[in-house]
A.B. asks: 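The structure that follows is given in the form of structure tokens.
The basis for the numbers below is simple: all heavy atoms, side chains too, and nothing from hydrogens, waters or symmetry mates. All values derive from a computational prediction rather than experimental measurement.
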Amino acid sequence: MLALSWAGALPAAVPALAAPTRLLCEYLENPVGIDELKPRLGWICTASDAKARGLRQTAYQILVASSPALLAKDRGDVWDSGRVVSGRSLQIPYDGAGLLSHQPCYWKVRVWDQDGSVSPWSAPATWSMGFLKPQAWTAQWIGRDDGKPVEKQSALTQASWIWFPDPNVHEVPVEKRWFRKTFVLPPGAKIAAAQAVMTADDKFELFVNGQSVLKGDKFNVVYEADVSSRLHAGKNLLAVEVENGVVGPAALIGALEVSLSDGRTMTIPTDATWMSVDRITEKWNQSDFGTTGWKPAKVVGAYGDGPWGSIVPGKAYLPATYLRKDFAVAHAPKRAVLYVTCLGNVEPRLNGRKVGDDYFTPGWTDYHKRLYYRAYDVTSQVKVGANTLGAVLGDGWFRGNLSIIGQNIYGKKTRLRAELHIFNSDGTSQVVATDTSWKAEFGPIVEAD
């Protein structure tokens with residue numbers, strides 16, 4: 001009889017699941033300024049062996065610590081979930097002690113597989129809390145109101161209401177009429193911008209050089225379209241089909257504004273130079289079409305005349321407000337977070353550099369109900385000695401254009417509210433907040449919508 005023996009220890013089981021990756025808090029990687037009281041955590045599990053099959057997570061453990069050093073020692077002094085039997089890896093709510101405004105949290109996770117083998121700990125991740133109560137804000141709303149608005153009248157104010165020369169344009173039956181206008185752009189012209197604005201009583205479709213670019217069916221709404229890609233040097237054509245849907249007044253009004261790269265501008269409004277017809281043939285909206293049988297359009301009213309009235313008032317844009325505050329820092333900060341909100345759109349700056357990589361901050365909202373704020377880790381931008389915190393404040397959706405609804409839907413005065421919180425290694429902190437000590441001026445941006 002042959003006996004076999006094994007003198008060495010059995011090899012440890014190799015975990016089938018690798019360390020969790022892409023740790024998320026509220027669906028974000030290392031977010032700053034979370035104001036959810038129980039932030040939801042998540043991660044992605046991957047196999048330690050790409051050829052492995054049938055793997056699954058059966059349990060997890062989350063550690064949340066108050067410092068990277070404690071986390072590195074596997075100490076979750078803020079929260080230690082313990083081993084939780086679950087296959088979940090998304091939307092796992094934090095369940096530790098109550099969190100405080102501005103509190104930083106450092107966390108990691110490990111998971112167990114279907115065989116009970118535990119993965120290594122994940123790489124550490126972070127999140128920090130924002131303002132957990134509105135009363136926690138100390139900053140004041142600031143702005144400057146003596147900027148002279150830049151008036152911009154709609155191109156429609158230069159246009160006339162036109163129609164086919166029917167005997168009675170105020171009792172037009174249900175019918176269609178067609179209109180054309182040719183114009184020439186200079187040889188070699190480069191179009192920088194071209195905007196068509198138009199409406200009709202009751203329904204229209206605009207073609208530019210044979211291509212449909214704009215439609216509308218409400219006479220008291222102005223429809224707009226960027227048509228710069230449809231134009232070219234030389235002869236161009238605007239062609240419009242208009243339908244009167246009910247017996248009564250009928251008319252078309254519109255204009256095309258063209259800006260060339262050399263600074264020249266051109267406006268083509270509806271007027272008596274447009275041609276009209278009461279029945280069409282093929283290619284009526286093509287530039288190579290002859291206009292035999294077409295008649296000059298009839299002007300039935302200037303912009304603002306009844307029964308249509310002034311459907312587009314002149315618009316006024318505020319120049320961008322530049323705001324700044326000088327402050328001093330005695331020690332290199334352990335952590336620095338900038339919180340920003342506004343009535344309008346804002347671009348925050350610190351020591352001459354733009355803060356963050358986002359635009360149109362803080363985003364559109366129903367300003368009657370809520371305001372959003374953004375938080376940025378600016379530790380690397382704060383320096384020992386003299387510093388300057390600034391912001392450029394523009395109209396945005398707050399007082400600028402909101403789709404076809406118009407301007408000033410929510411208010412007419414732009415405002416900034418910001419707080420820079422600087423946390424030092426010795427436990428002290430410094431707050432730089434918007435107040436009456438800030439300076440404000442108007443700069444080179446005269447229109448920001």
Side-chain angles (χ1 to χ4, degrees), residues 152-164 166 169-183 193-231 236-258 266-280 284-287 297-315 397 400-407 409 449:
K152 294 196 73 175
Q153 294 292 324
S154 168
L156 283 189
T157 60
Q158 305 177 46
S160 301
W161 291 94
I162 61 172
W163 193 245
F164 182 78
D166 288 317
V169 295
H170 297 293
E171 289 295 328
V172 178
V174 176
E175 62 185 15
K176 290 183 178 181
R177 293 292 184 259
W178 295 265
F179 302 86
R180 288 169 53 100
K181 172 67 177 180
T182 60
F183 62 97
Q195 189 81 3
V197 291
M198 187 165 285
T199 192
D201 188 353
D202 293 296
K203 185 177 180 179
F204 78 92
E205 180 173 8
L206 168 65
F207 300 83
V208 175
N209 291 325
Q211 298 293 318
S212 177
V213 297
L214 189 60
K215 297 179 181 180
D217 58 5
K218 295 180 177 64
F219 80 86
N220 58 350
V221 174
V222 175
Y223 301 87
E224 302 182 31
D226 181 342
V227 298
S228 53
S229 63
R230 302 297 183 184
L231 302 178
N236 291 264
L237 172 69
L238 303 178
V240 190
E241 178 181 272
V242 184
E243 179 180 355
N244 188 44
V246 295
V247 177
L252 166 71
I253 191 170
L256 173 67
E257 287 187 299
V258 182
M266 178 184 300
T267 301
I268 299 96
T270 50
D271 56 23
T273 65
W274 284 57
M275 303 301 291
S276 63
V277 75
D278 57 357
R279 60 173 56 89
I280 57 169
W284 71 275
N285 58 4
Q286 305 295 318
S287 57
K298 180 179 181 178
V299 173
V300 297
Y303 170 81
D305 287 352
W308 307 284
S310 299
I311 53 178
V312 182
K315 296 182 178 181
W397 292 282
N401 293 299
L402 184 60
S403 184
I404 61 174
I405 300 174
Q407 276 191 318
I409 302 303
D449 176 42

A.B. asks: Quick check for you: to the nearest 0.5 Å, what is the distance between N236 atom CG and T182 atom OG1?
C.D. replies: 9.5 Å

A.B. asks: Is there a side-chain contact between L206 and Y223 in this structure, where contact means two heavy atoms from C-beta onward sitting under 4.5 Å apart?
C.D. replies: no

A.B. asks: Under a 3.5 Å distance rule, please check whether R230 uses its side chain to pair with a backbone N or O of S212 as donor and acceptor.
C.D. replies: no

A.B. asks: Once you round to the nearest 0.5 Å, how far does CD of E257 lie from CD of Q158?
C.D. replies: 7.0 Å

A.B. asks: Looking at CZ of F179 and CZ of F204, how far apart are the two atoms once the value is rounded to the nearest 0.5 Å?
C.D. replies: 12.5 Å

A.B. asks: Determine, stepwise, if the pair F183 / L231 fulfils side-chain contact (heavy atoms from CB on, under 4.5 Å).
C.D. replies: CA-CA 11 Å; F183 62 97; L231 302 178; 3.9 Å; yes

A.B. asks: Using every non-hydrogen atom in the two residues, find where S276 and A297 come nearest and quote the distance to one decimal.
C.D. replies: OG-CA, 3.8 Å

A.B. asks: Working to the nearest 0.5 Å, report the span between CD of Q195 and CG of D226.
C.D. replies: 5.5 Å

A.B. asks: Rounded to the nearest 0.5 Å, what separates atom CD in E241 from atom CD in E205?
C.D. replies: 6.5 Å

A.B. asks: Is there a donor-acceptor pair under 3.5 Å between the side chain of T199 and the backbone N or O of K218?
C.D. replies: yes

A.B. asks: Taking all non-hydrogen atoms of both residues into account, name the closest pair between L252 and T270 and its distance.
C.D. replies: O-OG1, 4.2 Å

A.B. asks: Identify the heavy atoms of L156 and Y303 that sit nearest to each other, and give their distance.
C.D. replies: O-CB, 3.4 Å

A.B. asks: Take E171 and V247 through the test side-chain contact (heavy atoms from CB on, under 4.5 Å) and record every step on the way to the result.
C.D. replies: CA-CA 6 Å; E171 289 295 328; V247 177; 3.7 Å; yes

A.B. asks: For residues M198 and L214, report the shortest heavy-atom separation together with the two atoms involved.
C.D. replies: CB-CD2, 4.3 Å

A.B. asks: Assess, by modelled atom type and distance only, whether the side chains of W308 and D201 contain a donor and an acceptor separated by less than 3.5 Å.
C.D. replies: yes

A.B. asks: Just checking W178 against F207, ring centres under 6.0 Å apart?
C.D. replies: no

A.B. asks: Considering all heavy atoms of both residues, which atom of N244 and which atom of P249 are nearest to each other, and what is their separation?
C.D. replies: OD1-O, 3.2 Å

A.B. asks: Please give me the minimum heavy-atom distance between V213 and V208, naming the atom from each residue.
C.D. replies: CG2-CG2, 3.7 Å

A.B. asks: I'd like to know whether E175 forms a side-chain contact (heavy atoms from CB on, under 4.5 Å) with F164, so could you lay out the CA-CA distance, the side-chain angles of the two residues, the decisive distance to 0.1 Å, and finally the verdict.
C.D. replies: CA-CA 11 Å; E175 62 185 15; F164 182 78; over 6 Å; no

A.B. asks: Rounded to the nearest 0.5 Å, what's the gap from CG on N209 to CG on L237? Could you check?
C.D. replies: 6.5 Å

A.B. asks: Could you go through the side-chain contact (heavy atoms from CB on, under 4.5 Å) check for V277 and R177 one step at a time?
C.D. replies: CA-CA 6 Å; V277 75; R177 293 292 184 259; over 6 Å; no

